[in-house]
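Below is one structure, written out as structure tokens, with a few remarks after it.
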Amino acid sequence: MTTLQRRTVKTAQNPWIAKIQKTLPDLIPPAIAIVILLILWQIFSFFPGVTLPGPIQVVQDTWILIWWPFYRKSDIDVGLFWQIFASLQRVAIGYFFAAVVGIALGILVGTNKMMSKALDPVFQLLRTVPPLAWVPIALAALQKNEPAALFVIFITAIWPILINTAVGVQQIPQDYNNVAKVLQLNKKKYFFKILIPSALPYIFTGLRIAIGLAWLAIIAAEIVMSGVAGIGFFIWDAYQTNNISEVILALIYIGIVGLLLDKFMAWLQTKILPE
């Protein structure tokens, strides 16, 4: 290999090496924390009278579920991939409608002081209702598990989106409004040039909070609603059959998916928000 070729290879490798070197300091501390947590968990499982399985026992008991997540025997008896996929589908639908309605209502409330005074107490009251409390009302009104689950996601996720959007609109600097009046911007230009860009950071804050709440809501709803394929139903079914290791594995997957959803929203925010 000539000197020029060696330099070319070294140059091509540098970006990857630099990226790894930049990422490692952020990965090492959480990796150490996870290892310590697993060790403490394993030690705790050895104590007399403790029935909670340790990480080694969990892996041994759920080996098939870990390595064959795509199996499908029936609509309910499916691998963990399909369980999580079913839950994510419901979250996507409910979250989409919550985002559309929440942003629209938030802009309406934020731009109208009378609407804000009239509806803010109602919003503050309803947003404190836990997701599980909506389940019996949704089942009574909609009569079917699937639309009831979607409603629970919607009603749980809409409040942070709506409230943060309204606050973002209300926090538009007065100087921007004065400039709009001087330039005589019509409503369409004001909406796209001033209102949306100014409120966007608040909107994304609401969207990021809402995606976590939506994921929590569907897990709770699926645990209560029998016969609905999803990771929540899987947890309840495993608990009913006393498969605690399967419950723990599902909880780990739920945490990983929740983390990925949050990271995705954070990444999307960096791509859309102006620097």
Side-chain angles (χ1 to χ4, degrees), residues 88-131 133-134 137-138 141 147 149-218 221 257-275:
L88 283 174
Q89 280 184 309
R90 296 188 186 99
V91 168
I93 296 171
Y95 180 76
F96 171 78
F97 285 106
V100 172
V101 176
I103 292 173
L105 280 178
I107 292 173
L108 176 63
V109 171
T111 54
N112 191 310
K113 292 183 179 180
M114 185 62 68
M115 291 284 289
S116 178
K117 291 179 181 179
L119 296 179
D120 184 68
V122 178
F123 296 156
Q124 296 299 335
L125 175 68
L126 293 178
R127 76 181 183 87
T128 60
V129 178
W134 289 108
I137 297 176
L150 296 178
F151 174 79
V152 171
I153 297 169
F154 170 83
I155 202 68
T156 304
I158 189 173
W159 306 119
I161 300 173
L162 192 161
I163 293 171
N164 277 276
T165 300
V167 171
V169 173
Q170 292 168 351
Q171 294 297 319
I172 295 175
Q174 187 59 40
D175 292 343
Y176 291 5
N177 293 325
N178 294 336
V179 170
K181 290 178 181 179
V182 171
L183 297 177
Q184 296 182 344
L185 296 180
N186 58 38
K187 291 183 178 180
K188 183 179 179 181
K189 287 185 177 179
Y190 176 82
F191 182 83
F192 286 106
K193 297 293 186 180
I194 293 180
L195 189 148
I196 290 297
S198 300
L200 209 53
Y202 293 87
I203 293 173
F204 262 103
T205 299
L207 291 172
R208 192 170 177 182
I209 295 172
I211 192 66
L213 293 177
W215 183 237
L216 294 176
I218 190 55
V257 173
L259 176 63
L260 292 176
L261 289 174
D262 181 74
K263 293 297 183 182
F264 171 75
M265 290 303 300
W267 171 83
L268 190 62
Q269 182 175 353
T270 61
K271 296 299 180 182
I272 294 179
L273 281 180
E275 295 294 338

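These numbers come from the heavy atoms of this one structure, side chains and all, not from hydrogens, waters or symmetry mates. Predicted model, so just to flag it, every value in this text is computed and none were measured.
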Atom of [X], atom of [Y] and distance for their closest heavy-atom approach:
X      : Y      : value
Ile211 : Met265 : CG2-CG, 3.8 Å
Ala157 : Ala214 : CB-CB, 4.1 Å
Val152 : Thr156 : O-OG1, 2.6 Å

Is [X] reaching over with its side chain to a backbone N or O of [Y], donor-acceptor style, under 3.5 angstrom?
X      : Y      : result
Ser198 : Leu195 : no
Tyr95  : Leu207 : yes
Asn112 : Leu108 : no

Indicate yes or no: at least one non-hydrogen side-chain atom of [X] is less than 4.5 angstrom from one of [Y].
X      : Y      : result
Ile196 : Ile107 : yes
Phe154 : Val101 : yes
Asp120 : Val109 : no

Exercise for review: Mind telling me whether Phe123 and Trp159 have parallel, tilted or perpendicular rings, with 30° and 60° as the class edges?
Suggested key: tilted

About how many Å separate [atom2] of [Y] and [atom1] of [X], when rounded to the nearest 0.5 Å?
X      : Y      : atom1 : atom2 : result
Leu105 : Ile161 : CG    : CD1   : 11.0 Å
Ile103 : Leu162 : CD1   : CG    : 10.0 Å
Ile163 : Ile158 : CD1   : CD1   : 10.0 Å

Exercise for review: Determine, step by step, whether Ile209 and Thr205 satisfy the side-chain contact (heavy atoms from CB on, under 4.5 Å) criterion, reporting the C-alpha distance in whole Å, the side-chain angles of both residues, the deciding distance to 0.1 Å, and the verdict.
Suggested key: CA-CA 6 Å; Ile209 295 172; Thr205 299; 4.1 Å; yes

Practice item. Step by step, work out the side-chain contact (heavy atoms from CB on, under 4.5 Å) result for Gln269 and Leu200. Key: CA-CA 9 Å; Gln269 182 175 353; Leu200 209 53; over 6 Å; no

